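Because the structure is predicted, anything quoted here is derived from the model rather than measured.
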2 protein chains.
Amino acid sequence: MATPLKKSACVPTPPLDETPDLRPIEGPEADEELAALAKAVGHPARVQILRLLVRRESCICGDIVDELPLAQSTVSQHLKVLKEAGLIRGEIDGPRVCYCIEPRTLRRLKALIGSL
Amino acid sequence: MATPLKKSACVPTPPLDETPDLRPIEGPEADEELAALAKAVGHPARVQILRLLVRRESCICGDIVDELPLAQSTVSQHLKVLKEAGLIRGEIDGPRVCYCIEPRTLRRLKALIGSL
DNA sequence: GACTGCCATCGTAAGACCACGATTCATGGC
DNA sequence: GCCATGAATCGTGGTCTTACGATGGCAGTC
């Protein structure tokens with residue numbers, strides 16, 4: 001069940017990309033959703049991580065640790081928060097893990113913010 | 001120095017509205033700013049408050065307390081968070097206080113989110 | 001002046017967040 | 001099999017939220 005890919009680019013960005021979101025842009029559930037996403041973005045380190053991942057459209061891994069002035073465990077926690085919010089995705093690439101933006105969720109966040 | 005307005009609509013929305021933002025959309029300061037704004041939005045009650053204030057383009061006051069299932073003091077705290085983030089403004093209108101959206105900051109938030 | 005209503009603030013208790021070092025787990029190379 | 005490496009998780013403090021009731025201040029009203 002191994003990925004037959006070279007370890008160079010580690011899965012740039014997943015298949016689905018343009019399917020529209022069917023969920024409502026407002027209402028109680030949308031409020032909860034927006035709050036959860038905003039909370040995940042509500043820390044400078046996580047904003048930096050998101051920026052890093054957006055900039056390099058392909059994904060990186062523990063280079064994030066080198067870019068941030070934080071301990072490895074702390075960065076890992078921030079990554080977990082972002083992953084649980086659905087804003088990023090982590091894929092195992094051999095010994096390391098590569099993270100990339102989940103464009104669908106990011107678009108969702110923009111739509112929700114835009115509805116304000 | 002009293003406002004010569006009837007107490008019906010309590011200052012719809014302030015003068016300046018269309019002046020463009022000169023601050024950069026990314027960089028360390030922008031990251032901090034986005035994180036602070038997102039953190040302020042990162043609670044369902046505050047999202048609801050923002051929605052309320054956007055919906056009624058004029059501002060309301062303690063009606064917010066009636067709309068939310070929270071104690072008056074809790075709502076007041078949430079209002080304080082939003083005010084300190086610069087997302088809303090509170091003006092004294094006789095015995096009550098009227099809150100309204102600060103459109104400039106809201107636009108700033110949208111721009112920052114949009115830069116992701 | 002006394003009273004009422006509206007709102008902010010204080011004080012407090014429970015829980016969440018943030019950061020770190022230490023540990024554990026998985027993978028690939030030897 | 002054994003070791004190195006990259007990453008997640010654990011455990012621990014310190015700080016920040018969140019919620020509430022209680023208290024305090026201020027603008028109008030009587």
When you measure from the side chain of A:R46 to the backbone N and O of A:H78, does any donor-acceptor pair fall under 3.5 Å?
no
Spacing of A:Q72 atom CD relative to C:dT23 atom C1', expressed in whole Å
11 Å
Interatomic distance, A:I88 CD1 vs D:dA7 C1' [rounded to whole Å]:
13 Å
To the nearest Å, give me how far apart CG (B:L82) and P (D:dT18) are.
10 Å
B:R89 atom CZ is separated from C:dC7 atom P, nearest whole Å, by 18 Å
Are B:V47 and B:R51 packed together at the side-chain level, in the sense that at least one heavy-atom pair is separated by less than 4.5 angstrom?
yes
Encode nucleotides 12-20 of chain C as B, S and - characters from 5' to 3', where the letter depends on protein heavy atoms closer than 4.0 Å: B to the base, S only to sugar-phosphate, - to neither.
-----SSBB
Please name the residue in the list A:E32, A:E29, A:E33 that meets the salt bridge (Lys or Arg N to Asp or Glu O under 4.0 Å) test with A:R23.
A:E33
Here the distance between atom P of C:dC7 and atom CD1 of B:I92, to the nearest Å, is 11 Å
So, does B:R89 use its side chain to make a donor-acceptor pair with the main chain of B:E102 at under 3.5 Å?
no
Name the atoms and distances for all side-chain donor-acceptor pairs under 3.5 Å in residues 61-77 of chain B, with sequence neighbours left out.
residue	atom	partner	partner atom	Å
B:E67	OE2	B:R56	NH2	2.9

Just how far, in rounded Å, is C1' of C:dT9 from NZ of B:K80?
7 Å
Can you tell me the distance, in whole Å, between the CD1 atom of B:I49 and the P atom of D:dA19?
10 Å
B:K83 atom NZ is separated from C:dT9 atom C1', nearest whole Å, by 12 Å
Out of D:dA7, C:dC7, D:dA8, minimum distance to the side chain of B:R96 belongs to C:dC7
Salt bridge B:D21-B:R107, side-chain N to carboxylate O under 4.0 Å
no
